[in-house]
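Each chain gets a letter, A, B and so on, in the order its sequence line appears, and its residues count up from 1. Keep in mind it's a predicted model, so treat the numbers as computed, not measured.
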Amino acid sequence: MCMNMIKENNRKLEKEIYLGNAEDIAKFILGKILVHKSPEGITKGMIVETEAYLGEKDKGSHTYNNRRTKRTEIQYKEGGYAYVYFIYGMYYCFNIVTNKAEKAEAVLIRALEPVEGLELMKARRKNDNILKLANGPGKLCTAMGITREHNGMDLCSDILYLEYPENDVEHQIEASKRINIDYAEEAKDYLLRFTIKGNKYVSI
DNA sequence: CGGAAGATTTCT
DNA sequence: GAAATCTTCCGA
């Protein structure tokens with residue numbers, strides 16, 4: 001019997017994982033690996049920082065009051081899809097759609113610790129500092145090569161998905177206020193940002 | 001159809 | 001502290 005016959009595929013997070021609520025998933029995926037298989041090569045990064053957006057009742061969310069537009073439509077699907085939007089004329093942000101259909105919740109991935117494909121990530125970012133390759137939502141999309149083409153993509157596909165880490169290191173979760181949503185009134189104080197405590201790759 | 005604003009990053 | 005830069009959305 002070979003002890004190392006675990007296929008790479010077996011590590012992929014199951015669809016059911018994404019059907020829970022955004023806050024639970026934001027915490028759950030800390031320490032998991034984001035994988036993108038692009039024509040240029042494979043890049044992987046461990047998720048170290050996330051933010052939950054709760055839709056209807058969350059003034060920080062694009063889907064506050066169930067606002068339904070061409071851009072936000074994907075969030076109304078059931079969990080397990082990518083929500084990628086363009087921001088400030090220059091950057092993309094990568095989110096994971098969560099919960100059941102018509103529950104427009106999502107988890108923003110804010111920072112990664114680079115794991116594989118570091119040379120490709122450096123080239124895309126035009127920066128050699130590993131600490132700063134993916135320590136912010138716009139930066140990680142550049143490093144991973146995520147663009148509008150990935151909007152609406154199924155995260156159970158073989159192109160873009162999450163997997164369980166090979167060595168599941170224990171970590172503590174720290175909650176804090178979300179970043180750059182000063183307009184969100186009372187919602188800006190919600191503790192919906194989650195980081196791996198002490199990790200050097202978080203954005204701030 | 002015009003204009004304002006944005007879940008950011010980078011440089012001064 | 002402010003610029004870079006453009007899609008999306010809302011009001012007229």
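In this structure, OH of A:Y64 is placed 15 Å from P of B:dA7, rounded to the nearest angstrom. We find that OH of A:Y183 is positioned 19 Å from P of B:dA4, with the value rounded to whole Å. Taking atom CZ on A:F94 and atom C1' on B:dT8, their separation rounds to 17 Å, with Å as the unit. The nearest whole Å value for the distance from the CG atom in A:L131 to the P atom in B:dT10 is 14 Å. Distance, A:E49 CD to B:dA7 P: 16 Å, rounded to whole Å. Nucleotide B:dT9 holds its P atom 8 Å from the CG atom of A:N135, rounded to whole Å. Taking atom CD of residue A:E105 and atom P of nucleotide B:dA7, one finds them 18 Å apart after rounding to whole Å.
In this structure, A:N180 reaches the B:dT8 phosphate: one of its side-chain N or O atoms is under 4.0 Å from OP1 or OP2. For A:K132, no side-chain nitrogen or oxygen approaches OP1 or OP2 of B:dT10 to under 4.0 Å.
Under the Watson-Crick or G-U wobble criterion, with both distances below 3.5 Å, C:dT5 has no partner in any strand shown.
When each of A:I181 and A:N127 is assigned the nucleotide of DNA chain B bearing its nearest heavy atom, the one mapping closer to the 5' terminus is A:I181.
The ring of A:Y85 does not lie on top of the base of B:dA7; it is either too far (5.5 Å or more) or too tilted (30° or more).
At a threshold of 4.5 Å between side-chain heavy atoms, the hydrophobic network of Ile, Leu, Val, Met, Phe, Trp and Tyr places A:Y85 and A:I109 in two separate groups.
Exactly one residue among A:R193, A:E51, A:E49 makes a side-chain hydrogen bond (donor to acceptor under 3.5 Å, both in side chains) with A:S176. That residue is A:R193.
Side chains of A:T142 and A:K139 form no contact here, defined as non-hydrogen atoms less than 4.5 Å apart.
Of the N and O atoms on the side chains of A:H150 and A:Y92, not one donor lies less than 3.5 Å from an acceptor on the other residue.
Looking only at distances, no side-chain donor or acceptor of A:S203 sits under 3.5 Å from a matching main-chain atom of A:P137.
Residue contacts shown for A:G60 include a base, since a base heavy atom lies under 4.0 Å away.
Remark: A:K15 qualifies as a cation-pi partner of A:Y81 under the 6.0 Å distance and 45° angle criteria applied to the six-membered ring.
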Report all interatomic pairs (protein N or O, nucleotide N or O of nucleotides 3-10 of chain C) with separations under 3.5 Å.
| residue | atom | partner | partner atom | Å |
| --- | --- | --- | --- | --- |
| C:dT5 | O2 | A:Y88 | O | 2.6 |
| C:dC9 | OP1 | A:T69 | OG1 | 2.0 |
| C:dC9 | OP1 | A:R71 | N | 3.4 |
| C:dC10 | OP1 | A:R67 | NH1 | 3.3 |

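Spacing between C:dA3 and B:dA4 at atom P, rounded to whole Å, works out to 16 Å.
Residues A:I29 and A:L162 approach most closely at CG2-CD2, 3.8 Å, considering heavy atoms.
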